[in-house]
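These values consider heavy atoms only, across backbone and side chains, with no hydrogens, waters or symmetry-generated copies. Predicted, not measured: the structure shown is a model, and the values here were computed from it. Read the numbers this way: they start at 1 and go in the same order the structure lists the ligands and their atoms.
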Amino acid sequence: MTTAFVVNSGSSSIKWTLLDLVSGQSRGGIVERVTDHAEAMVGILAELGNEHPDVIGHRVVHGGAVFTAATLVTDEVEAAIERLSALAPLHNPANLAGIRAARAAFPGVPNVAVFDTAFHQTLAPEAYTYAIDADVAREHGIRRYGFHGTSYQYVSRVAAELLGRNDAKLIVFHLGNGASVAAIDSGRSVETSMGLTPLEGLVMGTRSGDLDAGVIFHLGRSGSTLDELDTLLNRRSGLLGLSGTGDMRDVQEAAAGGDEPARLALDVYHHRLRHYLGAYLALLGGADAIVFTAGVGENSPVTRAAALAGMQWLGIELDESLNATRSPEARVVSSVGSRVAVLVVPTNEELEIARQSAALI
Ligand code: AMP
């Protein structure tokens with residue numbers, strides 16, 4: 001068993017990676033403006049040439065409460081992913097189209113579904129339950145699920161290796177265009193900031209994160225439709241809504257140049273990071289390490305410094321020069337005297353999907 005083919009199928013694009021799990025080598029590509037997933041997959045098949053994958057791993061966004069780990073795809077599994085589309089109408093149908101196309105294009109090769117939600121199925125009822133009418137919640141599957149699970153699994157394992165222990169309490173910030181944070185104890189997720197959908201929690205590139213649900217009623221009564229509100233909160237909010245751009249580098253540049261809306265956007269973003277950090281320290285009873293990953297977390301010393309400023313009293317202290325150093329490696333950026341380690345760990349969701357898929361067969 002050596003070669004894994006990883007597929008991240010979206011509504012209009014298919015990202016693929018071919019990984020040799022022994023040598024660690026990989027290559028990949030992206031097909032954009034996809035209208036017919038089956039046709040696109042046949043094109044990718046041609047690009048693979050003579051290379052024949054031993055297993056195909058698929059990213060699937062929503063596994064609901066059904067899937068607690070990576071799962072070999074069967075017709076029943078396909079049907080379950082389809083039923084879960086109600087919870088992720090933009091993502092699951094696209095993921096499923098990729099699965100169906102791969103099963104047709106690579107007959108005889110096992111397909112594995114790796115779910116963004118699975119890692120958080122260890123959350124306790126008090127963490128995943130929304131305080132709403134229990135019958136309504138049960139009927140509609142309304143609870144917190146959490147996302148970015150594949151990234152958390154990869155990053156928490158690397159962090160454990162760096163720390164030399166498996167029983168560490170970690171607070172992991174996955175700060176990309178989508179952003180969330182998780183509290184992880186001994187490799188198990190105990191709390192995370194995204195909920196039923198990826199809308200809850202931190203300020204993101206274009207998503208609002210936490211807000212009073214009353215905002216939706218207020219705007220609805222003022223004439224907005226549900227679709228308009230969905231677009232507003234998922235696509236026109238966050239950094240973009242506050243500053244006019246959803247890209248963190250541009251927001252930081254504008255703020256440095258004196259742009260007030262960009263400054264406020266950064267302040268709100270950082271405030272929310274600190275809010276969750278405090279909450280998760282309380283839930284975990286302290287932390288052994290705080291870990292930063294994804295585009296912003298890995299590359300922005302400014303964000304890490306703002307999130308952790310003035311926390312020496314909690315035993316959290318960055319080393320300014322380590323924090324400012326660029327490197328593609330997983331590394332420690334806290335000072336020697338910091339009681340809580342601060343780590344930067346580049347995430348690798350494709351590798352994690354490949355490993356979990358290979359492990360399953
Ligand atoms: P991702 O979704 O993980 O690819 O992350 C994308 C986000 O990372 C975008 O908002 C980028 O602006 C941000 N990003 C990438 N590099 C940097 C950097 N050097 N400083 C600040 N933000 C960055």
Side-chain angles (χ1 to χ4, degrees), residues 6 8 10-13 15-17 26 28-30 32 59 61 90-91 116 146-156 158-159 172-182 192-194 197-199 201-209 234-257 259 261-270 272-273 291-309 318 320-331 333 342-353:
V6 175
N8 185 346
S11 55
S12 66
S13 71
K15 245 195 273 177
W16 62 273
T17 313
S26 71
I30 180 163
E32 287 180 284
R59 173 185 185 221
V61 167
L90 292 180
H91 293 106
D116 282 8
F147 297 86
H148 291 138
T150 312
S151 175
Y152 287 125
Q153 235 163 331
Y154 177 84
V155 166
S156 55
V158 175
V172 182
F173 285 96
H174 177 111
L175 307 179
N177 188 31
S180 70
V181 51
T192 191
S193 58
M194 284 176 168
T197 77
L199 183 56
L202 301 176
V203 177
M204 309 183 211
T206 66
R207 296 189 200 120
S208 63
N234 276 301
R235 296 178 193 270
R236 288 177 43 214
S237 295
L239 295 175
L240 175 69
L242 288 173
S243 77
T245 167
D247 190 290
M248 181 55 99
R249 274 165 301 199
D250 295 340
V251 182
Q252 288 179 345
E253 213 175 283
D259 184 83
R263 183 70 256 162
L264 178 63
L266 286 187
D267 288 346
V268 176
Y269 187 99
H270 297 150
R272 193 81 55 86
L273 295 180
V291 189
F292 290 90
T293 192
V296 178
E298 290 166 27
N299 298 304
S300 174
V302 172
T303 305
R304 296 191 294 261
L308 304 180
L318 275 175
E320 249 181 74
S321 108
L322 289 177
N323 185 43
T325 305
R326 300 196 140 272
S327 159
E329 303 293 323
R331 61 199 188 275
V333 295
V342 183
L343 312 178
V344 175
V345 177
T347 192
N348 193 337
E349 290 166 278
E350 283 75 23
L351 180 56
E352 183 65 27
I353 291 173

Nearest heavy-atom contact between Gly178 and Arg207 is CA-NH1, 4.0 Å
The salt bridge (Lys or Arg N to Asp or Glu O under 4.0 Å) partners of Asp250 (sequence neighbours excluded) come to none
Sorted by chain and residue number, the ring pair (Phe, Tyr, Trp, His ring centres under 6.0 Å) partners of Tyr154 (sequence neighbours excluded) come out as none
Per the under 4.0 Å non-hydrogen criterion, ligand 1 touches Gly176, Asn177, Asp247, Met248, Arg249, Gln252, Ala294, Gly295, Val296, Asn299, Ser300, Arg326
Taken in chain and number order and not counting sequence neighbours, the residues that satisfy ring pair (Phe, Tyr, Trp, His ring centres under 6.0 Å) with Phe173 are Phe292
> Do the side chains of Ser26 and Glu350 get nearer than 4.5 Å, heavy atoms only?
Replying inline: no
Heavy-atom closest pair (Leu199 atom, Met204 atom, distance to 0.1 Å) is O-CE, 3.9 Å
